[in-house]
Amino acid sequence: MLGGAPGVSGRWERLEPRPRARMLRQVLHAGLRSSFHALGRFVAGHPVFFASAPVLLSILLGASFSRYRVEEDVESLLAPKHSLAKIEGNLVDSLFPVNRSKHALYSDLQTPGRYGRVIVTTRKGSVLDPAHLDTILKLHRRIYQMQVTVPATGFNSFNYSFSYLCLPDDKNVCIIDDIIRAMEEIQSARISNRTVPVLRYPITQLADGRQAYIGHQLGGVQGWGPSGAVRGLGTGARGEGVRSARALQLTYYLQARGSLMDRVASQWEKAFCAELQHFAALHPKLGLYPSTSSSLRTDFQFSSVLARRPLLASLGVCSVLAVLCCSMRDCVRSKPWLGLLALLSITLSGLTAAGILNLTGATYNSTYLGIPFVMLGHGLFGSFEMLSSWRRTREDQHVKERVASVFEDVMLRFSGSTMLHLMTLGLAASPLTNMEAVRLFCRTAALAVTISYVYMLSFYSSCLVFTGYLESGYRHGCFCRRVPKPDHLDSKPAWYRCLMYTRYQDETQTTNPPHGVVHCHTHPPNPNLTHAHVHTHPHTANNPNSHGHAHVANTHAHPHPHAHSTPSVDPHPQDSHLLLGCVRRCYGDWITNTYVKPFVVLLYLVYISFGLMGFLQVAQGSDPSALVAMDTTTVLYTRAQHRYFSSYSPVIGFYIYESAPYWNASVQRDLLEYAKGFQRISWLEAYLNYLADRNQSTSQPRENFTRTLRHSFLREPQFAHFTDDIIFAERGQGEEPDVAASRIFLVAKTMENKREEMSVLLDTLRRLSLTSRVRFLIFNPSFVYLDRYAAAVSSPLRHSLLAVLFLLGLSSLAVVEPLVSVWLGLTLLSVQFGVLGFMTLWGVELDCMSVLCLIAALGHSADCSGPLLCGFASGRGESRTRWVRVALERHGVPSLQTLICYSAALVPVGSVRSNLTRTLFRCLTLTAVCSALHTLAFLPTLLTFLPPSKTRGHRPGEGQRQEVECVEMNDSTRVVDQITTV
C-alpha cells in the first residue's frame, strides 16, 4: 500500500481501505462539521440580526403573561392519570353520590367538592374534659353561625351562613359529625345532673340507638383497661369505653352547585380558616389545625411564591461565578461579559418558552421550578465549550473563520447532547407517561431546551462574534478600551499595569530567534483529525519583534527540544486561565498517577456499595403533602392526623355494584367472611342480627327477605340511616324490588406505615374480588394516589433511560464511535444508580419530583461526560495517560466550570421552606456531585487501563512521519507561515 511507504504524506494515507462503518462515520462527521462550519460563518456574517432577533422575540412573547394561569386540579397532577381507582371512583359517585346521603358522612371517604375540616388538640388533658368540651362546642356554634358576604360590596350583596351551604339530611337539617351529637349528649347530661352516657371507641351508640363509627373523629384515645390502652377493637361492635382523648376532628360539608355557590363556598373556606385562627388566639390551651378543599392546591403552589427570591439569588450567584470562570489574567483574552451573556441567553429562552405556554393556554404548577436548572446546566455547558474552543483557534484568522471553527468543533457535540435531552424529555412527555405532572414538566422542559439550543446558536454566538472583534481590536475584555502599547504602560501606576496586563505585550517585547526561525513538533493522534498551525496575533503580525504560537486543534503542542526560542516565552498562553492552568499543571498529572489510581478505583467501589445500599431501600412517596411548602396548613394538619389518627385506616367503602342473592346463606357467609377482621358498619350484618333477635331465619325466600328489609328493618329509627347504603331496583307489577347495589363500610387496624398497609390491603381485596361470586369493589379517595403509583412514577424514568441507550446504540452505527456510546451509556447508568441510591439515603422518596430530577440527570451527566469521552476516543498513537490529560484540559475544564456555576446556583434553593424544593435541591445536588465524580475522577482513571485502545490503527513510524518543521519567514510587509513535512 502507498500508506506504508515512509515518505508518503498523511493526505495519501486517507486512501487506505477501512471498515465501512468507520468510513460512514467519517463521511457523516465531515458533512456535519462542514455544515456547522458554514452555519458559523453565516452567523458571524450577520451578528446584529442574530443578537437582536431573540431579544425582540422574547419581549413580544413575554408580554403574554397576562394569560398566566395556575393549575387548579392538584389531583390530576399528582395522581396516576389512568388507574382502576379512578374508574371505581366514578362508578361509586354514580351509585352513591354525596348529595344522596341524608344521615351520615365519613370525612375520609365521602369528600364533596368543598369542605372545611379542623383537628382540635389539647395541650394538657382530654378534649372530653368539661372545660375543653364546652369550648369545642362553642367553636362549633361559631362556625355554624359564621356568615360570608358575596359580593363583598354593592347592592346585590347577600350573607351566606353554613346552614345555607351545608348538605341537608332527610329533615332538611345540616349533616354534622356524630361526635358532635355525642358531645352534646354528654354536655346535656352534665347540665341536668344525669348519668353521662358511655362513649365507646371506635364504634359508639348514640341516644337514638344508632351505632356510629367515630374512629376518624376521635384521636389519641385511651380506654378504661388496666393498661390504659383501648381493648377489644378487633371484633367487638362497640369497643371499650373512652377514658380520654387527645384530639378531635370535625368536618363541615358544603354544597357547590353552580359558579355562584362555588364562589360562596370558596369565600366560606377562607372565613373558616380566619375564624379558627382568631379562636386559637383566644384559647391558647387548644391547638387548631384547619384544612379545606383548596388547602392542598394553595400550599402546593405556594412553593413557587417562596422560591422567587432564592431563584433571583441563584441567578446572581451564578452570574458572579460565570464571570469569574470566563475571566483570565490576560485582559485581552479575558471575556467576562460572555458569562453574563450566557445567562442572558438562558433567561431569554426561558422567557420565550413561557410566552409560548401562555399563548397556548397551558397552566403552571410548582414542579416547573426544576426547569430553570435543566436549562442552566445545558446552556452553561454549551457556552463554556464554545469559549474553550474559541481559545484554541488560530488568532491570526479573521473572526468569522474563528467562529466557524468553533461551530465545527463544538456544535456536533452540543447538538448530540441536546438530542439526548430531547429524547429523554420527549419520551417522558409522551402519552406513555401516566403521571400528568411528569408529562407536563417534561413537555415544557423539552420546549425550553430546544429554544435554549436555538438561542445558543444565534444570540450567544453573535455575542461571541462581538467579543471576538474586541479581541482582534486589541481591546480590554471587560472595559472594551484599547490596551495601550508597552511604552505607554511603563509610566502608569502599578494597579493600571496589572489591570492592563496581557501576555501579548510580554511576547512582543521578546526578540525573535536568529534568522526568524522557530522549530516545533507535534504528536497528532490521527492525520485526519489534526491541524497543526503556526500563527501570530493580528496586531503582532506586522511587528518585526513578534513571533507566533503553535496551536494544535486536537492535540497538545510541545516546543521542540532544539527550538531557537527564548525561555521567557510561555508555550501555553492559555495557562493564564486559573482552572486550565491547575488542570494542566497539577490535576491531570495527579489523577493519572499510578499511585492514585487504586484509591480512585476503591472510591468507585465505595460509591457503588452505598448506591446499592440506598437502591435496596427505595420507597415510593405517594403522599401529596410531601410536595407542599413547609409550615403550611396542609403539612400541620397531616402531622396532627398521623399523630392522633393513625390507629385505624381511612373508612373503606365495600361496594356491591350488581344484584346479588343476599338471601342465600352461602352468599351471606361469604360477605361476612370478607368483612371479618375489620371494624365495620354493615347493613347486612345488622339486618341478620335483627332477624336473629326476632327468631326469624336469615335464609328466606327473596320476597320475604326484601319485604322485611324494606318495611320493618329500615323503618326502625336506629337502622334508618342504612337507607343511604341500599339501592332498590323495581321489578314487575306487584313484585318486591331487588337490591340492585349496596355498600358497607370497613375500617382496618393499622400499625406503623399506614399508606403502605393501605396499598397492600388494596391489592389483597382486589385479588379477592376477581374470584368472588359477588361482584364488589373497594374505594377510598386515597386509592387514587396509591393505585399503580410506583409503576406510574417509575415508568417515565425507565422509558427515558431505554430511549437514551437506544439512541446511543443507533448513533454508534453511523455517527459516534461504538466504544464512546458504550462508555457513555455505562456512565449514565452509573450516575442514575448513584443518584437514586444516595437520594434514598438522604431521605428522599421516589415521588414525581424526584423522578423529574432523575430524568433531568440523564441529560446533565451526558453534558458533562460526553465531550470527555469523545475527546479521549478520537486520539490515536499516544499513551492512554497522555490522551486522558488532553481530554481533561479541553473538555474537563468546561465541565468543571459548568458544575461550579450549577452547584452554586442550587445553594439558595436549599434554603426554601418547602418539601418540593428540598427534594429538588437534594436530587440536583446529588446529580451535580455524581456527574463531577464521574467526569473528573472515575472516567479519567478507568480510561487509562480500559478500552478504547490508543494503538489501534496506529502504524510504527507514523509519529516520525508527522514531525513538522515550522519555518517563519519575515519580509518587509507580511509574515508567511510555511509548514513542511519532514
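Throughout, residue positions are numbered sequentially from 1 according to the sequence presented. When reading the values below, keep in mind they use all heavy atoms of this one structure, side chains included, and skip hydrogens, waters and symmetry mates.
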Pair [X]-[Y], side-chain donor/acceptor within less than 3.5 Å:
{"X": "Ser161", "Y": "Ser163", "answer": "yes"}
{"X": "Tyr690", "Y": "Glu685", "answer": "no"}
{"X": "Ser259", "Y": "Asp262", "answer": "no"}
{"X": "Ser682", "Y": "Arg680", "answer": "no"}

Are any non-hydrogen side-chain atoms of [X] and [Y] less than 4.5 angstrom apart?
{"X": "Gln668", "Y": "Leu688", "value": "yes"}
{"X": "Leu440", "Y": "Leu77", "value": "yes"}
{"X": "Tyr648", "Y": "Tyr213", "value": "yes"}
{"X": "Tyr289", "Y": "Val118", "value": "no"}
{"X": "Glu75", "Y": "Val784", "value": "yes"}
{"X": "Met146", "Y": "Tyr144", "value": "no"}
{"X": "Phe654", "Y": "Leu671", "value": "yes"}
{"X": "Asp177", "Y": "Tyr252", "value": "no"}

Option from Thr634, Val635, Asn915 for which side-chain contact (heavy atoms from CB on, under 4.5 Å) with Asp299 holds |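 That would be Thr634.
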
With Thr292, which of Arg114, Glu269, Arg117 fulfils side-chain contact (heavy atoms from CB on, under 4.5 Å)?
->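 That would be Glu269.
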
Please answer whether the main-chain N or O of [Y] pairs with a side-chain N or O of [X] as donor and acceptor at a distance below 3.5 Å.
{"X": "Asn780", "Y": "Val651", "result": "yes"}
{"X": "Ser94", "Y": "Leu91", "result": "yes"}
{"X": "Thr771", "Y": "Leu768", "result": "yes"}
{"X": "Asp208", "Y": "Arg210", "result": "yes"}
{"X": "Arg190", "Y": "Thr195", "result": "no"}
{"X": "Asn172", "Y": "Pro168", "result": "no"}
{"X": "Thr433", "Y": "Met435", "result": "no"}
{"X": "Gln217", "Y": "Gln249", "result": "no"}
{"X": "Thr723", "Y": "Ala720", "result": "yes"}
{"X": "Thr122", "Y": "Gly125", "result": "yes"}

Please walk me through it: do Ile143 and Phe272 pass side-chain contact (heavy atoms from CB on, under 4.5 Å)?
-> CA-CA 7 Å; Ile143 293 175; Phe272 173 78; 3.6 Å; yes

Search all heavy atoms of Leu78 against all heavy atoms of Cys848 and return the closest pair with its distance.
->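 Taking every non-hydrogen atom into account, CD2-SG, 3.8 Å.
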
Of the non-hydrogen atoms in Ser244 and Ser126, which two are nearest, and what is the gap between them?
->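 Closest approach of Ser244 to Ser126: CA-OG, 3.5 Å.
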
Salt bridge (charged side-chain N to carboxylate O under 4.0 Å, His left out) partners of residues 770-786, not counting sequence neighbours, each pair once |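 For residues 770-786, and leaving out neighbouring residues, the salt bridge (charged side-chain N to carboxylate O under 4.0 Å, His left out) pairs sorted by first residue read Asp670-Arg773.
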
Quick one: which residue pairs count as a salt bridge (charged side-chain N to carboxylate O under 4.0 Å, His left out) with a foot in residues 636-655, not counting sequence neighbours?
->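 Sorted pair list comes back empty.
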
Rounded to the nearest 0.5 Å, what separates atom [atom1] in [X] from atom [atom2] in [Y]?
{"X": "Asp623", "Y": "Ser782", "atom1": "CG", "atom2": "OG", "value": "10.0 Å"}
{"X": "Thr633", "Y": "Leu288", "atom1": "OG1", "atom2": "CG", "value": "13.0 Å"}
{"X": "Glu845", "Y": "Thr840", "atom1": "CD", "atom2": "OG1", "value": "9.0 Å"}
{"X": "Leu296", "Y": "Ser291", "atom1": "CG", "atom2": "OG", "value": "8.0 Å"}
{"X": "Ile179", "Y": "His216", "atom1": "CD1", "atom2": "NE2", "value": "9.5 Å"}

Only counting residues at least two apart or in another chain, list the ones meeting side chain to side chain contact (heavy atoms under 4.5 Å, CB included) with [X].
{"X": "Val92", "result": "Tyr655, Leu777, Phe779"}
{"X": "Ala626", "result": "none"}
{"X": "Asp134", "result": "Gln187"}
{"X": "His799", "result": "Leu427, Leu432, Ser795"}

Determine whether the aromatic ring centres of [X] and [Y] lie less than 6.0 Å apart.
{"X": "His642", "Y": "Phe645", "result": "no"}
{"X": "Tyr662", "Y": "Trp683", "result": "yes"}
{"X": "His140", "Y": "Phe162", "result": "no"}
{"X": "Tyr687", "Y": "Phe705", "result": "yes"}

Start with the C-alpha distance between Glu88 and Arg766, add both sets of side-chain angles, then the distance that settles salt bridge (Lys or Arg N to Asp or Glu O under 4.0 Å), and finish with yes or no.
-> CA-CA 11 Å; Glu88 293 170 344; Arg766 276 188 177 166; 3.1 Å; yes

Contact list for residues 163-193, test ring pair (Phe, Tyr, Trp, His ring centres under 6.0 Å), sequence neighbours left out =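 Pairs touching residues 163-193 that pass the test: Tyr160-Tyr164.
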
Residue list, side chain to side chain donor-acceptor pair (under 3.5 Å) with Arg707, at least two apart or on another chain |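 Counting only residues at least two positions away or on another chain, Arg707 forms a side chain to side chain donor-acceptor pair (under 3.5 Å) with Asn704.
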
Not counting sequence neighbours, which residues clear side chain to side chain donor-acceptor pair (under 3.5 Å) with Glu436? List them please.
->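 Side chain to side chain donor-acceptor pair (under 3.5 Å) check on Glu436 returns Arg439.
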
In terms of side-chain geometry, is the basic nitrogen of Arg297 or Asp73 positioned less than 4.0 Å from the acidic oxygen of its partner?
->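 Result for this pair is no, no salt bridge flagged.
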
According to the interplanar angle, ranging from 0 to 90°, do the rings of Phe713 and Phe719 count as parallel (below 30°), tilted (30 to 60°) or perpendicular (above 60°)?
->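 Parallel, since the angle between the ring planes stays under 30°.
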
On the 0 to 90° scale, with breaks at 30° and 60°, tag the Phe776-Tyr674 ring pair as parallel, tilted or perpendicular.
->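 Answer is tilted, since the angle falls between 30° and 60°.
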
Please identify each residue that fulfils salt bridge (charged side-chain N to carboxylate O under 4.0 Å, His left out) with Arg767, with sequence neighbours left out.
->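 For Arg767 there are no salt bridge (charged side-chain N to carboxylate O under 4.0 Å, His left out) partners, ignoring immediate neighbours.
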
Contacts of Cys166 that satisfy disulfide bond (SG atoms under 2.5 Å apart) - sequence neighbours left out |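 Result, disulfide bond (SG atoms under 2.5 Å apart) vs Cys166: Cys174.
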
Residues 734-741 side chain polar contacts: donor-acceptor under 3.5 Å, at least two apart:
from: Glu735; atom 1: OE1; to: Arg731; atom 2: NE; distance (Å): 3.1
from: Glu736; atom 1: OE1; to: Arg710; atom 2: NH1; distance (Å): 3.2
from: Asp738; atom 1: OD1; to: Arg702; atom 2: NH1; distance (Å): 2.8
from: Asp738; atom 1: OD2; to: Arg731; atom 2: NH1; distance (Å): 2.6

Greater than 12 external heavy atoms within 6.0 Å of Phe615's CZ |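 Not buried by this count: 12 neighbours or fewer within 6.0 Å.
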
